[in-house]
Amino acid sequence: MPTPIENYALLSDCRTAALVSSDGSIDWLCLPRFDSGSVFAALLGGDEQGCWKLRPTHPDARSVRSYDGDTFILVTSWDTPDGQAEVHDFMPVNEHHLDVVRRVDVIRRIVGVRGTVELGQELRLRFDYARAVPWVRRSGSTLTAVAGPNSVLVRGGTLTASDHVHTGTVTVAAGEVKELSLTWHPSHHRAPEELNGEAERERTLDYWQDWADRIDAHHEHREHVVRSLLVLRALTHRDTGGIIAAPTTSLPEDFGGVRNWDYRYVWLRDAALTLEALIAHGFLRVVEHWRNWLLRAIAGDPAEMQIVYGVAGERDLLERELTHLPGYGGARPVRIGNGAALQYQADVVGEVMVALHSAREAGLGESTTSWPLQRVLLNRALVRIGEPDNGIWEIRGEPRMFTHSRVMTWAAFDRGVRAVHGYGLPGAVELWQSARDSVRAEIEASAVSAGGWFTQHYGTDEVDASLLVLPQVGFCAADDPRMLATVERLEQTLMVGGLLHRYLAETGVDGLAGTEHPFLACSFWLVEQYAATGRVDDAEALMDRACAAANDLGLLAEEYDVEGRRQAGNMPQAFSHLALVRAADALAAARF
């Protein structure tokens, strides 16, 4: 059986990320960027696909883990009959903006607490998604591994090679500290100097804690909110400003099935929604950084704008299958790249316009290019105003007139009109106002069922959890009778085990085989809706259920299997965490 998804912890240096299991194994690490090839990919197969294990050799060893304060320094405390030791795993954060990353480090500090503990180390280096076994040489206690453009130094401890696996032991007594480290660098460059682990730990701790200390969240769910905002920061590339959806690929939404996608890229929608959560808590510099990223990414003909890009704004995200990887629990195919880059999703312009308008209202001034950029986006929306699309859930079935997409088209023009009227910005306000009003009239005529609820798309009576966004963007009031009817219908048809599905996959609307589990962001949206309509008790109960899906470190995947009581999909998922922040804020506001 594979390690449960919820058993993983996140390490991040704001350029890439690692996943560490509760058993002390780093099973996922891409170098040097979130979307680079992996050096450890046991997450998508097994040990042979690459991992770095570190745990006591005693079979009765037991562990507990936590982050050191509001940071991504993972502390795993191991108890054995012979003693107690802690392993402090972290990725040092280089606070400078770098044009080219020339090193990435992972440090594993072993601290003796009581008695004596022997830990076993097993290292399997497999570059390029386990397609390249490196050439390795040893000099003293340092291993140098090279494969193509990648080189890794592993320092500390003594490792013995056997059939491309390096093993060894490290013994630590009370009061001792032993340090292991992995350093990636381009293979054509000289090897970088070894870091001072203690100094880097303090610097990394200060970086995360200083950032977290700026968060103003004093309500009941503060711990979840702070961790969620930290996750959003950890998924934001420090140099480019790109905000990825998740640091993993192909963790299944349907265990053993084909709903496996690569989320290591920057979706305009997810990033825009992330920005709204950050704006609400005062992080305007991140917004400005991403706005500059957006300008670079979509530069050129607006007709060629994609809905998803690489971390630095790359357009070529060709989706392909890695047939040599077994997949998580046998879920195949394993994919890299994402075909959604070729889809038309009409809602995206709306999400971007709403986020940038929120930033404007929060005090972020326009640059010389930011408002012209938004005018270009609105012109693009005008050109394609009547087209069906693939929708927020990126269906691979027939494009349709999805109600959520139509509402977000309305929201795009609405924010354009507000920018002109409220802030004196130049623009074709009469044209935008006409388009806005026309889309509203169309929605009200075509997207309301005979039963009085909003529908998933034109020509159906089915509902969709994305309809919960309508009052969030101001299309209607939360207590509009049509919204109340929609909520009732959602509760009747999409609520399973107390959590909310996105839509009924059984209808075939998404064009995919199999099914999926409740989508956590949707449950948080429903919390927000409950809070806005005075159903505070229901909001609190649902908030507790949704937050309970988080693992022991406060991390959320995309979905939750209520029957198996396990997380599903890529993790940690920005969408889940940003929706949690919104829900907590709405619930806090409803109480006062």
Side-chain angles (χ1 to χ4, degrees), residues 33-36 235-237 239-247 249-250 260-276 287 289-321 335-356 369-370 372-400 402 404-406 408-409 411-412 415-416 466 510-511 570 573-575 578:
R33 252 178 30 167
F34 294 113
D35 55 352
S36 299
L235 300 184
T236 302
H237 194 273
D239 304 320
T240 70
I243 304 171
I244 64 168
T249 180
S250 301
N260 318 312
W261 315 108
D262 191 349
Y263 278 7
R264 299 171 300 151
Y265 306 114
V266 186
W267 270 258
L268 301 190
R269 173 195 308 109
D270 296 42
L273 293 170
T274 295
L275 294 182
E276 288 194 73
V287 180
H289 199 193
W290 182 81
R291 191 174 66 181
N292 292 335
W293 174 94
L294 176 65
L295 181 65
R296 298 191 302 270
I298 70 172
D301 185 349
E304 297 176 351
M305 188 185 87
Q306 298 181 182
I307 57 93
V308 58
Y309 294 87
V311 171
E314 295 88 350
R315 292 171 174 263
D316 184 4
L317 304 185
L318 176 66
E319 184 173 297
R320 52 213 187 274
E321 298 177 8
R335 294 179 170 97
I336 56 173
N338 200 301
L342 303 178
Q343 290 186 349
Y344 173 52
Q345 297 173 21
D347 63 301
V348 168
V349 171
E351 270 105 10
V352 172
M353 291 296 297
V354 168
L356 294 181
T369 52
S370 60
L373 162 67
Q374 292 165 73
R375 292 167 61 182
V376 166
L377 292 178
L378 290 174
N379 289 338
R380 179 181 187 270
L382 278 171
V383 169
R384 308 194 70 170
I385 194 168
E387 293 184 32
D389 76 316
N390 298 92
I392 184 175
W393 307 129
E394 303 181 349
I395 65 155
R396 300 206 172 194
E398 177 187 352
R400 301 175 188 268
F402 286 103
H404 172 267
S405 294
R406 306 307 292 160
M408 293 312 300
T409 298
R415 294 328 188 257
S466 64
D510 60 18
N570 288 305
Q573 178 83 0
F575 217 155
L578 68 88

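Since we're looking at a predicted model, the values are computed, not measured. In what follows, residues are counted from 1 in the order of the sequence shown.
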**Message:** Using modelled atom types and a 3.5 Å cut-off, is there a donor and acceptor pairing between side-chain atoms of Arg315 and backbone atoms of Glu304?
**Reply:** yes
**Message:** Please check: side-chain N/O of Gln343 versus main-chain N/O of Ile307, any donor-acceptor pairing under 3.5 Å?
**Reply:** no
**Request:** Would you name the heavy atoms of Ala246 and Gln573 that are closest together and state the gap between them?
**Result:** CB-OE1, 3.6 Å
**Request:** Would you confirm whether Thr249, through its side chain, and Ile336, through its main-chain N or O, come within 3.5 Å as a donor-acceptor pair?
**Result:** no
**Fill in**
Ala271 and Val266 have their tightest heavy-atom pair at CB-CG1, 4.2 Å
**Main-chain N/O of Asn260 paired to Arg335 side chain as donor or acceptor, under 3.5 Å** = yes
**Request:** Determine the interplanar angle of the Phe575 and Trp393 rings, folded into 0 to 90°, and report it as parallel if under 30°, tilted if 30 to 60°, perpendicular if over 60°.
**Result:** tilted
**Message:** Working to the nearest 0.5 angstrom, can you tell me the gap between Leu273 CG and Leu578 CG?
**Reply:** 5.5 Å
**Asked** Is there a side-chain contact between Pro399 and Asn390, using heavy atoms and a 4.5 Å cut-off?
**Response** yes
**Value rounded to 0.5 Å, distance of CG in Asn338 from CH2 in Trp261** = 7.5 Å
**Under the side chain to side chain contact (heavy atoms under 4.5 Å, CB included) test, residues paired with Leu342 that sit two or more places apart** = none
**Complete:** To the nearest 0.5 Å, atom CG of Asp389 lies from atom CZ of Arg406 at 8.0 Å
**Prompt:** Side chains of Phe402 and Ile395: does their closest heavy-atom pair fall under 4.5 Å?
**Reply:** yes
**Request:** Go through the structure and list residues passing side chain to side chain contact (heavy atoms under 4.5 Å, CB included) with Ala299, not counting sequence neighbours.
**Result:** none
**Asked** Tyr265: what forms a ring pair (Phe, Tyr, Trp, His ring centres under 6.0 Å) with it, not counting sequence neighbours?
**Response** none
**Request:** Decide yes or no for Met408 and Val349: does some side-chain heavy atom of the first lie under 4.5 Å from some side-chain heavy atom of the second?
**Result:** no
**Asked** Just by modelled atom types, is the Arg269 backbone N or O under 3.5 Å from a matching donor or acceptor in the Glu351 side chain?
**Response** no
**Contacts of type salt bridge (Lys or Arg N to Asp or Glu O under 4.0 Å), residue Asp262, not counting sequence neighbours** = Arg264
**Message:** For a 4.5 angstrom cut-off between non-hydrogen side-chain atoms, does Asp239 reach Trp293?
**Reply:** no
**Message:** If you compare all heavy atoms of Thr240 against all heavy atoms of His289, which two are closest, and at what distance to 0.1 Å?
**Reply:** C-NE2, 3.7 Å
**Contact check, side chains of Pro247 and Leu235, non-hydrogen atoms, under 4.5 Å** = yes
**Partners passing side chain to side chain donor-acceptor pair (under 3.5 Å) against Arg291 (at least two apart in sequence or in another chain)** = none
**Item:** Non-hydrogen atoms of Tyr344 and Glu387 that approach each other most closely
**Value:** CE2-CB, 3.9 Å
**Message:** Quick check for you: to the nearest 0.5 Å, what is the distance between Ser466 atom OG and Ile392 atom CD1?
**Reply:** 5.5 Å
**Message:** I'd like to know if the side chain of Gln345 reaches the main chain of Asp347, judged simply by a donor and an acceptor atom lying under 3.5 Å from each other, with no hydrogens or angles considered.
**Reply:** no
**Request:** Quick one: list whatever passes side chain to side chain contact (heavy atoms under 4.5 Å, CB included) with Ile298, sequence neighbours left out.
**Result:** Leu294, Met305, Tyr309, Leu373, Leu377
**Euclidean distance, Arg415 CZ relative to Leu378 CG, rounded to 0.5 Å** = 11.5 Å
**Item:** Non-hydrogen atoms of Gly313 and Ala297 that approach each other most closely
**Value:** CA-CB, 4.1 Å
**Request:** Rounded to the nearest 0.5 Å, what's the gap from CH2 on Trp290 to CG on Leu295? Could you check?
**Result:** 11.0 Å
**Request:** Answer yes or no: is there a side-chain heavy-atom contact under 4.5 Å between Asp270 and Ile243?
**Result:** no
**Request:** State, without any angle test, whether Trp267 and Glu394 hold a side-chain donor-acceptor pair at a distance under 3.5 Å.
**Result:** yes
